[in-house]
Amino acid sequence: MLEVRNLTKQYGNQAAVDGISFTVPDGRVTGFLGPNGAGKSTTMRLLLGLEKPTSGTALIDGKNYRSLPSPLTSVGALLDAKAMHPGRSGRAHLRSLAVTHGLPASRADEVIEMTGLTNVASKKVRGFSLGMGQRLGIAAALLGNPQNVILDEPVNGLDPEGVIWVRNLARHLASQGTSVLISSHLMSEMSQTADDLVVIGRGRILANSSMQDFLALANNDRVLVRTDERDDFARRLKERSVAFDAVETDGLLVQAPTRDIARLGVDAGVLLHEIIPQVATLEEVYMNMTRDEVEYQSGEFAGQPTPEIATGTPWGTTADKEN
Amino acid sequence: MTTATLSAGTPQVSAHFPSHKLTFLGAVRGEAIKFRTLATNWIMLAVTLLIMVGMGAMFAVVINQMYESALAAQEAVATGAAPVAGPTVDNVYNYARGIGDSGMMFGSMLVASIAVVFIGSEYASRQINTTLTTVPRRTATYLAKLLVVSFWTFFIGFISAALSYGVAQLLLDSRITEAVTVNGDVVSNWVAVGLYCMLMSWMGLGFGTLLRNNAGGIVLVVVVMFILSIAMNMVAGASEMIQDFVPYLPMALGQTFTTVGVADDAAITNLEAGLWLSVWCLIPALLGWARLALTDSK
């Protein structure tokens, strides 16, 4: 189990991590999300004793990382895909780690095979692609068959097979009772992998909940309606003060229960050929939550069209929503 | 919210490796594997050996010339001529005994560079994060690296000195080789060269860890070993204090430490030179340890 309590890391006047607390329980995959510069990697480095906290504690199974009698079998970590000497072979890299804990050399070969690197294990790391480096980093993390696993962006550079493998690995480790803390910017991947989520922004915890609870934070009462008589149906909605937005050429995103919308269609004699409840994705909830927390805000392209919502129609406006 | 509130418990260890623990010996073995699995280290060790043995061979030729001059001067004195300045025959014999240290100045720079690169490349490649995650006790990590690099640099220094001596036997005048045989002085010279290389590796590892940079570490070693000596010798005439200090500079101490035939009542004996040199090398080694142990690894 990983425990972070009131953890703060200050660089000069700037707090990279600002009094955060969370727990990564055994047998669960906890997703660690946040924009670039939010403090995810710093938190992981603090957990692994690579940096000293300004205040607070970061504990592995109740102990400070540096005082663990057997770090390699307590925590397996992937912080950086290429945190290894480029002039050394993958096998030699793993053996140099294994021998520190008296693990047999055959264990290095086992994790090499497990990560699909058997054919390239004797090659120098400098010739590895990002994906191969990532696999080697994961192999190093698994070397001691640890009770806790920390993976920072483990699917970066991996091919689809590798992405699925990491997902299955995380799930398998959790099923064996391992606590898994995993950070990623791939929301679709995280939504399939994580049981719990910790969202961080500008060094502070924005959310700490189960995936289910997190998704429930979203506004899920919107329904996509498609009809050939959109203008007519929009007028009916407006008469009843129901908020909506126009979508594409024949759709309306209506903020009302599905049954009520269907009833309105019947009453108005308007054929609704699609009525689809909209369930927010992890990405949507995350983007809404971290909109104001990003350190590096992207600009919009000139002439960039607004996605989905049609513009220039007399009824698809924000004012409608406010009715 | 599902955040569990669990109390700190006994660390759970892997079911597969319940009895495996991190040990200092393991850390040393890990560093040893790291050292010997890098081609760069072997290349640099080989270059060090070649340079030191090559310098020994060249010096053997010079010793032959010195021997001829010393014999001529000895015969001239025997026929009543005034003695001329220059090495005596006995001096030449001592040079031949100590021929193992001929390439030591260049060799020591190389071994210091090996030590700098041993740690500096870990920072450059970010391998240091993996190293410190595997062996989080910084002092143990540093000592393991120090032991490994000490072993290899002592080994290469000793072997280079012995090989230099061996190669020189093939080139030296037979009258010199008949007079000079392997004795305690000769072996002491080889050991001293090995120790000198080892101490230089401490300096290299220290500066490499302190600056966390290959180029910076090597430059600092060059400054302390060469630039400082040259600068101090240039201004030595200006002050008696500086004159007194020059023999205590690391390069001069290294020469005194390995020289064969230093009198027991000399201003600085072999042992004293070795001890003072150790101080010069321990300071950067301790600074490097402090940087590693007391600051973040970034």
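Residue numbers start from 1 in every chain, and the chains themselves are labelled A, B, ... in the order their sequence lines are given, proteins ahead of strands.
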Which distance, rounded to the nearest 0.5 Å, do you find between the [atom1] of [X] and the [atom2] of [Y]?
| X | Y | atom1 | atom2 | result |
| --- | --- | --- | --- | --- |
| A:R91 | B:I33 | CZ | CD1 | 12.5 Å |
| B:L38 | A:K124 | CG | NZ | 8.0 Å |
| B:R29 | A:S96 | CZ | OG | 12.0 Å |
| B:S121 | A:R88 | OG | CZ | 7.5 Å |

Next on the checklist: Within the structure provided, determine whether A:L50 and B:T133 are in side-chain contact (heavy-atom separation under 4.5 Å).
Outcome noted: yes
Next on the checklist: Measuring only between side-chain heavy atoms, which start at C-beta, is B:Q127 closer than 4.5 Å to A:V125?
Outcome noted: no
Closest non-hydrogen atom pair between [X] and [Y], with its separation:
| X | Y | answer |
| --- | --- | --- |
| A:R66 | B:R137 | O-NE, 3.5 Å |
| A:T73 | B:H20 | OG1-O, 4.3 Å |
| B:R126 | A:K82 | NH2-CB, 4.1 Å |

Answer yes or no: does atom [atom1] of [X] have more than 12 heavy-atom neighbours from other residues, nucleotides or ligands under 6.0 Å?
| X | atom1 | result |
| --- | --- | --- |
| A:E113 | CD | no |
| B:R291 | CZ | yes |
| A:Y11 | OH | yes |
| B:W289 | CH2 | no |
| B:F226 | CZ | yes |
| A:Q10 | CD | yes |

Heavy-atom pairs under 4.5 Å with chain B, option from [options] with the top count:
| options | value |
| --- | --- |
| A:D80, A:L72, A:L48 | A:D80 |
| A:M84, A:R95, A:H101, A:K52 | A:H101 |
| A:T178, A:L97, A:L143 | A:L97 |
| A:P71, A:A77, A:A83 | A:A83 |

Any idea which of [options] has the most non-hydrogen atom pairs under 4.5 angstrom with chain A?
| options | value |
| --- | --- |
| B:D296, B:T40, B:T130 | B:D296 |
| B:N129, B:T131, B:T295 | B:N129 |
| B:T23, B:L25, B:T37 | B:T37 |

Next on the checklist: Is A:L103 in contact with chain B via its backbone, its side chain, both, or neither, using a 4.5 Å heavy-atom distance?
Outcome noted: both
Checklist entry - Contact part of A:S67 toward chain B, heavy-atom cut-off under 4.5 Å: side chain, backbone, both or neither? => result backbone
Next on the checklist: Looking only at side-chain N and O atoms, does A:R45 offer a donor or acceptor that is under 3.5 Å from a partner on B:S297?
Outcome noted: yes
Next on the checklist: With a 4.5 angstrom heavy-atom cut-off, is it the side chain or the backbone of B:R36 that approaches chain A, or both, or neither?
Outcome noted: neither
